[in-house]
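Quick note on labels: first sequence line is chain A, next is B, and so on, each numbered from 1. Worth saying up front: this structure is predicted, and the values here are computed from it rather than measured. As a basis for the values below, the full set of heavy atoms in this structure was taken, side chains included, without hydrogen atoms, waters or symmetry mates.
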2 protein chains.
Amino acid sequence: MSKINLKDLAKALNISVSTVSKALRDSYEISSETKKKVIEKAQQLGYNPNPYAGFLRNNKSKTIAILVPELTNNYFIQAISGAETIAQENGYHILIYTTNDDREKEVSILNHLNNGRVDGVLVSISSNTSQYDHINDLIRNGIPIVFFDRICHEIETAKVTTNDFASGFTATEHLISTGCKRIAYLSISELLSIDNKRKQGYLEALNKHDINFNKDLVVQCNDDEKLNADKIKKLLTGKNKPDAIFACVEKLALTTYHVCKDLKINIPRDLKIISFSNLRTADLLSPSLTTITQPAFDIGKEAASILFKYLSKRKSLIPNQNIVVNSKLTVRDSTNPNL
Amino acid sequence: MSKINLKDLAKALNISVSTVSKALRDSYEISSETKKKVIEKAQQLGYNPNPYAGFLRNNKSKTIAILVPELTNNYFIQAISGAETIAQENGYHILIYTTNDDREKEVSILNHLNNGRVDGVLVSISSNTSQYDHINDLIRNGIPIVFFDRICHEIETAKVTTNDFASGFTATEHLISTGCKRIAYLSISELLSIDNKRKQGYLEALNKHDINFNKDLVVQCNDDEKLNADKIKKLLTGKNKPDAIFACVEKLALTTYHVCKDLKINIPRDLKIISFSNLRTADLLSPSLTTITQPAFDIGKEAASILFKYLSKRKSLIPNQNIVVNSKLTVRDSTNPNL
DNA sequence: TTTATTTACGATATCGTTTTCGTGTAATTT
DNA sequence: AAATTACACGAAAACGATATCGTAAATAAA
């Protein structure tokens, strides 16, 4: 009943293992009658090939890994979901790993993957990563990598991101257009290129509109929610308070909402907020949140597509390229000057 | 540089392959000096065992699959995240699959897994599943299954859920306590045991408080958001409107919020809402949403733990058992009678 | 000293495929 | 009729690690 292998099938048909194998793989060497017989018998006995035998033989596993800092994050989930869609279409399987923004873990997981377990990897690096030996090792071993969102510029391969600079610029300019002059920027990590680019956009917009940059309005946050809340609270209660906040990531916008609730600061009257976010409930928040929304699902699809393209070509060296998918500004009440 | 295998290692050390293998697996047959030498050399040459060779030989892959209806769902993501935590602790890898609530896909994926690719499976079935041959096939083949949330009672194995009946009862009684008499129940699928149990709790609470059950107040929804919105709109504009809604799943509560926004129905004054939900932003919604929150992360951890327990015992037949992790009612403004 | 036991290692079969060769028969060409 | 070519299949060697044997040397027991 169970565990039928090629040998069993061959015995049942009174032909050789190799013939059965070839028949099932539709080889030209096998006559169509034999093929038919084999396929029928396979169906009948419920033959299911052992994947690992094939992987071992072929040195290909039709499996990729996706490595993200965390799962409980709308952006990453949508990206993974997009990648999964493409994977199913191409018959690929997906292994999921999270680093919790821990560099040690990232290194350990990538080293673990450096042995042929996967044909390729989709990575969004953890924010405190700044050295890339573990990633280069993979590439050197012929395991291609595609970065998405949190990318490494230093590594030559495909990188899929959104237009972070332009979006940061747009977001800031939007705040300026509502009359804001003292715009704070909430940063999540100085080591993250997406963060830097968004900040560059922010600075450029300030510059264009002749607003002096005040470095006290850039708040360096991290993964500690409590600490972030404290920093934001200090920002909003100190002298020279901002009249707007541009949150680099969703998490910081939500923390800001909570802080404002605590401090009874009225959004958007006292403080306007805009954020990069993939929150599905952005329009149901109180007040609804103005967002720069990244096409996360498409970014995931795109990243997976590129990887599969090179895998199917049996090319493991992916040439350096930057794929940019544009984000979209959705204006809602958190930046409404008339409330 | 790359692709060092046992043979290479053995050659470099001038000892046999079997000795190297045993040394690396810390076998009692090998002297500690030899072990040290082997381990050193392995490190030096960057030896990384080919996983598939071992999987093939041992018929174990230290890999499990998680099958969920969808990824863009806070509950499933938290559960997966919990399972991933346990998996990392136990050195297991996780393959992710989604069915999009499509029975065909569910069958196809499970059949595909029925070949030793994974050692075990964590499943939340798709809502329209009602026959279970594909699942029994797996178990018969020695691949253990643990259900979480969307379970199959008909199959003898471990099932991890929340206390759906009691929670449905609590939710309904809470609405009653705020003065509601015409409480609608938004159902997602009649074939889903969690849905039925929650509804049973709802009915029981109505019964206890001598409220007549009106079957027009049970709205049968599905995966089509547009259709659901129409049904809810009809419910809220027809005669005999409800004064409260109990949404069986988060998605339906959000749809209700949108419909209310459209119809300018004031929550909670005109309509109170409670929902099963794992939304992190429940308290930031307008109004904040009263929820029954499932300990999704813990459910994922629990499900994975049970699976790994039996896998480590090399027992593939998991005895029938129901693990129940209690949900928690968090009262917020959407059911506040004083607003 | 002889026998039994432990210690440390090597040769080899095995897991289930895929694929390269080799080979016998039939069909085609000279 | 002899030689060539196509066709359909089988034998066997991989892929890389594991584990069961077997065995030589060293130690302990007789």
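When rounded to the nearest whole Å, the span between CG of N115(B) and P of dT17(C) equals 9 Å. At whole-Å resolution of the value, NZ in K3(A) and P in dG16(C) are 8 Å apart. Counting to the nearest Å, the P atom of dG16(C) and the NZ atom of K11(A) are 12 Å from each other. Taking atom CG of N5(B) as the reference point, atom P of dC15(D) lies 8 Å away to the nearest angstrom. Residue L6(A) contributes atom CG, which lies 6 Å from atom C1' of dT17(C) at whole-angstrom precision. Taking atom CZ of residue R117(A) and atom P of nucleotide dG16(D), one finds them 17 Å apart after rounding to whole Å. In this entry the distance linking CG of N59(B) with C1' of dT17(C) reads 14 Å, nearest Å. Separating the CZ atom of R25(A) from the C1' atom of dT19(C) is a distance of 10 Å, rounded to the nearest angstrom.
Over its length, the helix from dT1(C)-dA30(D) to dT30(C)-dA1(D) turns its helix axis by 50°, as judged from the five terminal pairs at each end, rounded to 10°.
Heavy atoms of P49(A) sit under 4.0 angstrom from primed sugar atoms or phosphate atoms, though from no base atom. Counting non-hydrogen atoms under 4.0 angstrom, N58(B) reaches the backbone sugars and phosphates but no base.
Here K41(B) pairs with L9(B), A12(B), L13(B), Q44(B), L45(B) under the side-chain contact (heavy atoms from CB on, under 4.5 Å) rule; sequence neighbours left out.
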Legend entry - Under 4.0 Å protein heavy-atom contacts per nucleotide of nucleotides 8-14 of chain C, with B for base, S for backbone only and - for none: BBBB-BB
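For the pairing with S124(A), the side-chain contact (heavy atoms from CB on, under 4.5 Å) check across L192(A), I151(A), D149(A), I299(A) returns one residue only, D149(A).
Residue pairs that meet the ring pair (Phe, Tyr, Trp, His ring centres under 6.0 Å) test with at least one member in residues 30-89 of chain B, sequence neighbours left out, are Y52(A)-Y52(B), Y52(A)-F55(B), F55(A)-Y52(B), Y52(B)-F55(B). Residue pairs satisfying the salt bridge (charged side-chain N to carboxylate O under 4.0 Å, His left out) criterion with at least one member in residues 12-26 of chain B, sequence neighbours excluded, are listed as follows: K22(B)-E29(B), D26(B)-K35(B). Residue pairs satisfying the salt bridge (charged side-chain N to carboxylate O under 4.0 Å, His left out) criterion with at least one member in residues 306-325 of chain A, sequence neighbours excluded, are absent.
Side-chain contact, Q294(B) with T162(B): no donor N or O sits under 3.5 Å from an acceptor N or O. Between the side chains of N114(A) and N141(A), at least one donor-acceptor pair of N or O atoms lies under 3.5 Å.
Between Y97(A) and H93(B), the distance from one ring center to the other falls under 6.0 angstrom.
The distance from the CD1 atom of I318(A) to the CD1 atom of I155(A) is 12.0 Å, given to the nearest 0.5 Å.
Residue N50(A) places none of its side-chain N or O atoms closer than 4.0 Å to OP1 or OP2 of dG16(C). Distances shorter than 4.0 Å separate none of the side-chain N or O atoms of Y47(B) from OP1 or OP2 on dG16(D).
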